[in-house]
Amino acid sequence: MAEKKDYLRRYQMHRREARPFRNPYFTRQSKPERHWKSYAIGAGVAAVICLCIYLIGFIPLWTIQGVRVDGLQFMSGAEIKQLAEDQLARRRFLIFPQSNRLFYDQDKLTGLIGEKYSFETLDVSIEQSVVVITVKERISQLLWRSDAYVYYVDESGTVIRSLPPEELGYFTYRGLPTPLLGDEPLLGPFPLLLYLNSLPLIIDDTKADVEVGKKVLKDGDVRSVLAFVRAMRERGVVITRSEAERSAGPWVRAYTNEGFYILYDTKQDVEEQIGNTLTVLQNEISDRSALEYIDVRFGSHVYYKLR
């Protein structure tokens with residue numbers, strides 16, 4: 001019996017010395033050996049990715065060659081074209097040149113154009129190797145001057161765009177201060193002079209900030225101004241500019257080329273106010289050079305003042 005116990009003791013000691021047991025919570029992980037083939041495969045994949053980036057982003061096959069602006073009737077497309085060309089010089093995702101048609105950001109360009117102009121429709125596309133900007137212009141009905149800036153406004157009273165310096169030069173004939181391009185005065189002749197001469201000019205007495213795409217007048221006010229200016233012109237009275245007295249009410253001060261001005265209300269009957277103005281000019285005023293103003297804002301109560 002004692003011999004059997006000795007045998008079991010020696011067997012257990014032998015197993016312990018052989019260390020066949022491991023603590024499952026502290027199992028030692030052996031590091032796999034890296035083979036040279038793994039490095040080769042990784043380098044190959046990286047090379048393929050770099051080659052694809054180069055082929056997609058940099059070869060001339062995908063390069064945009066130019067910019068075209070279609071649909072313009074009343075304005076030059078030079079500034080719009082410049083916006084598109086400036087974007088061509090930038091990069092997409094900090095890597096790809098936007099001169100590549102696959103990475104040109106058309107939505108970004110649409111937003112940039114929309115910040116400066118209010119078109120009826122605007123579409124940016126890429127046809128073969130050309131950025132094509134297709135627009136439909138809002139029709140300018142009058143000019144709005146706020147502080148030192150002049151804007152085109154459509155029939156709904158919405159601001160279409162500001163006039164660039166070269167177009168501001170057209171206003172020298174209206175007796176406004178001669179605008180400058182840099183340090184040099186802008187001189188004529190100007191091809192758009194006749195067109196601009198047909199648009200009523202309204203000066204905002206509040207000098208409020210103007211934002212492209214926003215309204216400066218209500219629809220009815222614009223129609224009243226247009227009707228008044230056109231009707232007076234047809235009767236031989238030329239309105240050179242108007243001032244919107246928005247701080248006092250919906251009133252307009254219309255200056256004539258004869259030196260007097262007419263005060264009228266855009267919310268009242270325009271035809272009645274035109275008739276009252278003509279009645280005063282024909283029946284009450286023998287010498288218009290002595291006339292300072294006519295006020296037809298108060299219905300049948302018409303006022304005028306001589307110098």
Side-chain angles (χ1 to χ4, degrees), residues 64 66-88 104-127 130-146 148-174 176 179 181 186 188-204 208-227 229-230 233 239 241-242 244:
I64 294 174
V67 177
R68 189 175 81 236
V69 183
D70 294 339
L72 293 175
Q73 298 179 8
F74 301 102
M75 61 177 287
S76 167
E79 189 172 6
I80 296 177
K81 188 175 180 180
Q82 188 62 54
L83 287 173
E85 290 176 345
D86 289 345
Q87 191 169 329
L88 286 172
Y104 192 73
D105 195 342
Q106 298 167 227
D107 293 337
K108 177 69 173 178
L109 179 60
T110 301
L112 291 173
I113 296 174
E115 290 176 1
K116 297 181 69 67
Y117 307 97
S118 179
F119 291 114
E120 189 171 329
T121 61
L122 169 63
D123 178 70
V124 178
S125 61
I126 298 178
E127 298 180 5
V130 177
V131 175
V132 180
I133 304 166
T134 306
V135 304
K136 182 178 180 181
E137 292 179 271
R138 296 179 183 270
I139 305 301
S140 303
Q141 296 291 348
L142 55 84
L143 299 162
W144 182 269
R145 184 181 181 189
S146 181
Y149 300 94
V150 180
Y151 304 86
Y152 286 117
V153 176
D154 70 2
E155 190 172 14
S156 70
T158 302
V159 178
I160 299 173
R161 65 182 177 94
S162 63
L163 274 73
E166 60 270 20
E167 292 185 32
L168 281 174
Y170 309 150
F171 289 99
T172 55
Y173 77 97
R174 292 183 183 268
L176 300 178
L181 181 59
L186 289 168
F190 300 103
L192 291 180
L193 183 61
L194 183 61
Y195 168 65
L196 290 179
N197 190 36
S198 69
L199 297 179
L201 170 65
I202 297 182
I203 300 174
D204 180 15
D209 291 337
V210 175
E211 185 177 345
V212 172
K214 301 297 183 180
K215 286 192 174 188
V216 291
L217 287 173
K218 295 181 179 179
D219 302 17
D221 293 336
V222 175
R223 287 193 290 270
S224 295
V225 171
L226 294 175
V229 171
R230 290 167 181 169
R233 183 182 299 165
I239 306 297
R241 74 181 192 277
S242 301

So do the side chains of Leu109 and Val131 get within less than 4.5 Å of each other, counting heavy atoms only?
yes
So the salt bridge (Lys or Arg N to Asp or Glu O under 4.0 Å) pairs with at least one residue in residues 74-88 (sequence neighbours excluded) are Glu79-Lys116
- Which is it for Ile239 and Arg233 under the side-chain contact (heavy atoms from CB on, under 4.5 Å) test, yes or no, and what are the steps along the way? CA-CA 7 Å; Ile239 306 297; Arg233 183 182 299 165; over 6 Å; no
Nearest heavy-atom contact between Leu83 and Ile113 is CD1-CG1, 4.2 Å
ring-ring contact (aromatic ring centres under 6.0 Å, His included) filter on Phe119, not counting sequence neighbours, yields Tyr117
In terms of heavy-atom contacts, Val225 and Pro200 come closest through CG1-CB, 4.4 Å
#### Entry: Check against side-chain contact (heavy atoms from CB on, under 4.5 Å), Val67 and Leu88
CA-CA 10 Å; Val67 177; Leu88 286 172; 4.1 Å; yes
Across all chains, not counting sequence neighbours, the side-chain hydrogen bond (donor to acceptor under 3.5 Å, both in side chains) partners of Arg223 are none
- For the residue pair Val210 and Asp204, establish whether any side-chain heavy-atom pair is separated by less than 4.5 Å. no
Residues passing the side-chain contact (heavy atoms from CB on, under 4.5 Å) test with Gln141, sequence neighbours excluded, are Ile139, Glu155, Leu226, Arg230
Beyond-backbone contact of Arg241 with Arg145, side-chain heavy atoms, under 4.5 angstrom: no
For residues 117-126, the salt bridge (Lys or Arg N to Asp or Glu O under 4.0 Å) pairs (sequence neighbours left out) are Glu120-Lys136
Correct closest heavy-atom pair for Tyr104 and Ala84 would be OH-O, 3.0 Å
Only one of Ile80, Leu72, Asp70 passes side-chain contact (heavy atoms from CB on, under 4.5 Å) with Ile133, and that residue is Ile80
(Q) Less than 4.5 Å apart, side chain to side chain, heavy atoms only: is that true for Ile160 and Tyr151? (A) no
Heavy atoms, side chains only, cut-off 4.5 Å: are Ile202 and Val153 in contact?
-> no
- Would you mind reporting whether Val159 and Lys214 have side-chain heavy atoms less than 4.5 Å apart? no
Thr158 meets the side-chain contact (heavy atoms from CB on, under 4.5 Å) criterion, sequence neighbours left out, with Ser118, Asp154, Ser156, Lys215
